[in-house]
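Computed from a predicted structure; not experimentally measured. Read the numbers this way: they start at 1 and go in the same order the structure lists the ligands and their atoms. Only this structure's heavy atoms are used, side chains among them; waters, hydrogens and symmetry mates stay out.
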Amino acid sequence: MNDTYAFKMLIGGQLVSAPSTFAVVNPASETVIGRAPEAERADLDAAVAAARGAFPAWSRRPIDERRAVIIAMADRLIEHIDELKRLLTSEQGKPHADAEREVMGAAAWLKGAASLELPREVLQDGPERRVETLRVPLGVVGAISPWNFPLVLAVLKVGPALLAGNTLVLKPSPFTPLATLRMGELVADLLPPGVMNVVTGTDRLGPWLTAHPGIDKVSFTGSTATGRRVMESASHSLKRVTLELGGNDAAIVMPDVDVDKIAPDLFWAAFRNNGQFCIATKRMYVHADIYDRLRDAIIAYARTVKVGDGARQGTQLGPVNNRAQFERVKDLIADSAAQGHRIVLGGDTIEGPGFFIPVTIIDNPPEDSRIVQEEQFGPVLPLLKFDTLEEALTRANASEYGLGGSVWSADDAVAQQIAEQLSSGTVWVNEAQVLSPLVPFGGMRQSGLGVESGREGLMEYTASKTISVRKAAAA
Ligand code: NAD
């Protein structure tokens with residue numbers, strides 16, 4: 001693939017361009033690396049019509065045939081891992097090694113989804129009547145994904161939606177559309193026309209999709225602010241919604257940990273993917289007895305981490321993905337500086353080009369400061385000192401978000417108790433961000449609605465249907 005490669009949308013089994021295109025920028029160099037089609041409303045209408053047209057046959061196909069198609073899609077991604085990895089790095093910014101992990105993860109998520117079963121339950125079976133519930137697909141799913149993990153967060157929706165028998169219109173973020181468009185091209189021949197459609201566009205396309213009368217369900221991953229707009233728009237035609245939104249995950253670090261051993265783990269819990277991770281540790285509460293030692297160990301480790309162009313060998317953290325997010329993270333750091341917080345690492349700027357922010361650590365800022373209360377979604381972390389567990393839990397739980405969180409302790413029983421009291425959709429103990437296609441994942445409060453993955457995630461792409469039979473012999 002070269003710079004002039006014309007990425008196309010997948011609509012009704014055809015690769016389609018649009019009259020106009022928009023530029024996709026490499027965040028490490030701020031140069032244009034490709035152009036994506038700017039879908040017109042007619043393109044979306046065509047994609048939805050194709051998905052509706054494909055639905056009856058796809059939903060009636062035996063589930064094992066749908067399973068086989070999804071597994072073939074996963075294998076196709078792996079066959080093209082090198083190309084997809086390079087695309088991901090150039091549009092998202094993440095280092096090649098992380099991009100490769102993302103492609104492998106996308107394949108694993110498809111295969112994991114393909115291994116799930118749709119339950120069928122007999123609730124009553126007497127001489128007169130048999131009552132059974134089964135799960136049926138909803139119709140056409142509109143899937144909207146963000147820019148931090150473009151491929152994996154897209155296939156998290158594609159796998160279960162298709163397995164359940166739905167058809168799909170997928171819209172990636174305008175900051176990172178290229179790997180998703182390429183995925184559409186690569187799998188096009190594996191799917192009956194219209195079963196999966198990929199459309200791209202800038203700001204107008206998402207609202208068109210969520211309001212489209214031909215879409216039955218919206219599965220959205222992105223910010224809480226956009227999630228609210230999605231739900232409002234979807235409400236007009238009573239679409240089902242699954243919303244995977246923002247987070248402000250707390251880690252609680254107890255005084256019995258081995259400080260030197262866990263410092264790198266805690267660093268990566270906060271800074272993996274340059275902090276652009278919904279479940280990054282965004283507030284780290286550390287017991288006063290070990291606070292200074294742990295702060296210094298994390299700083300010492302952070303100094304060894306290489307920030308740079310993700311395409312360069314040895315880079316561990318890339319740039320922030322886009323200018324708006326770059327400005328937002330810089331604004332949060334500037335606010336901390338203006339409030340007189342102690343910035344003990346980073347805080348300065350890195351000469352452009354590229355949206356680079358050095359790893360930045362803020363030493364025990366006040367609980368009500370913006371850097372503690374807001375989702376930073378970038379390479380900056382507040383370390384926060386606590387004296388009693390009760391106080392730590394109160395502070396950790398006093399967030400409008402409730403996505404993930406973690407507990408770090410040498411005592412499994414104590415850690416388990418703390419985990420049960422942390423108010424979020426997932427809590428990890430002595431690890432962070434461990435996810436599986438077989439385990440449900442979702443947020444509480446402003447972090448979202450519903451779950452993805454696992455059997456529970458699959459159920460969100462289905463409706464419950466009851467068949468109640470008065471037996472012929474009894475009639
Ligand atoms: P975003 O909300 O700006 O955009 C997400 C997607 O929504 C993009 O495809 C965008 O084009 C589209 N969109 C924008 N406005 C829309 C509208 N009015 N209607 C429909 N679609 C619209 O989010 P982002 O900046 O791409 O992603 C970062 C956010 O996503 C962070 O808050 C992060 O925590 C969250 N996130 C959550 C999860 C999770 O699983 N809970 C995972 C990853 C990211």
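- Asp98 and Arg272 are not joined by a salt bridge, as no carboxylate oxygen comes within less than 4.0 angstrom of a charged side-chain nitrogen.
- Of the polar atoms of Thr226, at least one N or O is found under 3.5 Å from an N or O of ligand 1, judged by distance alone.
- In the model, Ser423 has a side-chain atom that pairs as donor or acceptor with a side-chain atom of Arg445 under 3.5 Å.
- Inspection of the Asn273 and Lys94 side chains reveals an N or O donor paired with an N or O acceptor under 3.5 Å.
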Go through Asp45 and Arg52 one step at a time and tell me if the salt bridge (charged side-chain N to carboxylate O under 4.0 Å, His left out) criterion holds.
CA-CA 10 Å; Asp45 288 344; Arg52 291 212 83 76; over 6 Å; no

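- The shortest distance between side-chain heavy atoms of Leu163 and Leu458 falls below 4.5 Å.
- For Thr221 and Lys157, the side-chain atoms include at least one donor-acceptor pair closer than 3.5 Å.
- Considering only non-hydrogen protein atoms, atom 36 (N) of ligand 1 sits nearest to Cys278 CB, 3.5 Å.
- At a 4.0 Å heavy-atom cut-off, ligand 1 touches Phe220 through the side chain alone.
- The backbone N or O of Ala251 lies less than 3.5 Å from no partner atom in the side chain of Thr281, so there is not a single donor-acceptor pair.
- Of the heavy atoms in Ser145, only backbone atoms (N, CA, C, O) come closer than 4.0 Å to ligand 1.
- The closest approach between a heavy atom of Phe277 and any atom of ligand 1 is not below 4.0 Å.
- Protein heavy atom closest to atom 44 (C) of ligand 1, with residue, atom name and distance, is Asn148 ND2, 3.5 Å.
- When hydrogens are left out, the protein atom nearest atom 37 (C) of ligand 1 is Leu245 O, 3.0 Å; that is the closest non-hydrogen contact.
- In terms of N/O distances under 3.5 Å, ligand 1 is not approached by Thr221.
- When only non-hydrogen protein atoms are considered, atom 10 (C) of ligand 1 lies nearest to Lys171 NZ, 3.8 Å.
- Comparing heavy-atom distances from atom 30 (O) of ligand 1 across Pro177, Pro146, Gly222 singles out Gly222 as nearest.
- Residue Glu375 has at least one nitrogen or oxygen atom sitting less than 3.5 Å from a nitrogen or oxygen atom of ligand 1, judged on distance alone.
- Pairing each heavy atom of Phe356 with each of Asp309, the nearest pair is CZ-N, 3.8 Å.
- Checked against a 6.0 Å centroid threshold, the rings of Phe149 and Phe277 count as neighbours.
- Within the 4.0 Å heavy-atom criterion, neither part of Ile279 lies near ligand 1.
- Pro207 CG, 3.6 Å is the protein heavy atom nearest to atom 18 (N) of ligand 1.
- When heavy-atom distances to ligand 1 are checked against a 4.0 Å cut-off, Leu403 comes that close only through its side chain, counted from C-beta outward.
- Of the heavy atoms in Leu209, none comes closer than 4.0 Å to ligand 1.
- A centroid separation of 6.0 Å or more is found between the aromatic rings of Phe386 and Tyr285.
- Numbered from 1 in the order shown, with element, the atoms of ligand 1 that lie under 4.0 Å from a heavy atom of Leu153 read 42 (C), 43 (C).
- Using a 4.5 Å heavy-atom cutoff, the side chains of Leu403 and Phe441 are in contact.
- Of all the atoms in ligand 1, the ones that sit under 4.0 Å from a non-hydrogen atom of Gly206 are 19 (N), 20 (C), 21 (N).
- No heavy atom of Gly448 sits closer than 4.0 Å to any atom of ligand 1.
- For atom 4 (O) of ligand 1, the nearest protein heavy atom lies 4.0 Å or farther away.
- For Glu460 and Thr242, the side-chain atoms include at least one donor-acceptor pair closer than 3.5 Å.
- Distances from ligand 1 to the non-hydrogen atoms of Pro172 include at least one value under 4.0 Å.
- Between Ser223 and ligand 1, a contact under 3.5 Å exists for at least one N or O pair.
- When every heavy atom of Asn322 is checked against every heavy atom of Gln325, the shortest pair comes out as OD1-N, 2.9 Å.
- Residues Tyr5 and Arg182 bring a donor and an acceptor atom of their side chains to less than 3.5 Å of each other.
- A salt bridge links Glu30 with Arg323: the closest approach of a Lys/Arg side-chain nitrogen to an acidic carboxylate oxygen falls below 4.0 angstrom.
- For atom 28 (C) of ligand 1, the closest heavy atom belonging to the protein is Phe377 CE2, 3.6 Å.
- The proximity of Ile144 to ligand 1, defined as any non-hydrogen pair under 4.0 Å, is limited to the side chain.
- Atoms of ligand 1 found under 4.0 Å from any heavy atom of Phe441, numbered from 1 in the order shown, are 40 (O).
- In terms of polar-atom proximity, defined here as any N/O pair under 3.5 Å, Trp147 does make such a contact with ligand 1.
- Neither the backbone nor the side chain of Thr224 has a heavy atom within less than 4.0 Å of ligand 1.
- Residue contact check for ligand 1: Pro174 places a non-hydrogen atom closer than 4.0 Å to it.
- Ligand 1 is never approached by Phe175 to a heavy-atom distance shorter than 4.0 Å.
- Between Ser424 and Gly405, the shortest heavy-atom distance links the atoms OG-N, 3.9 Å.
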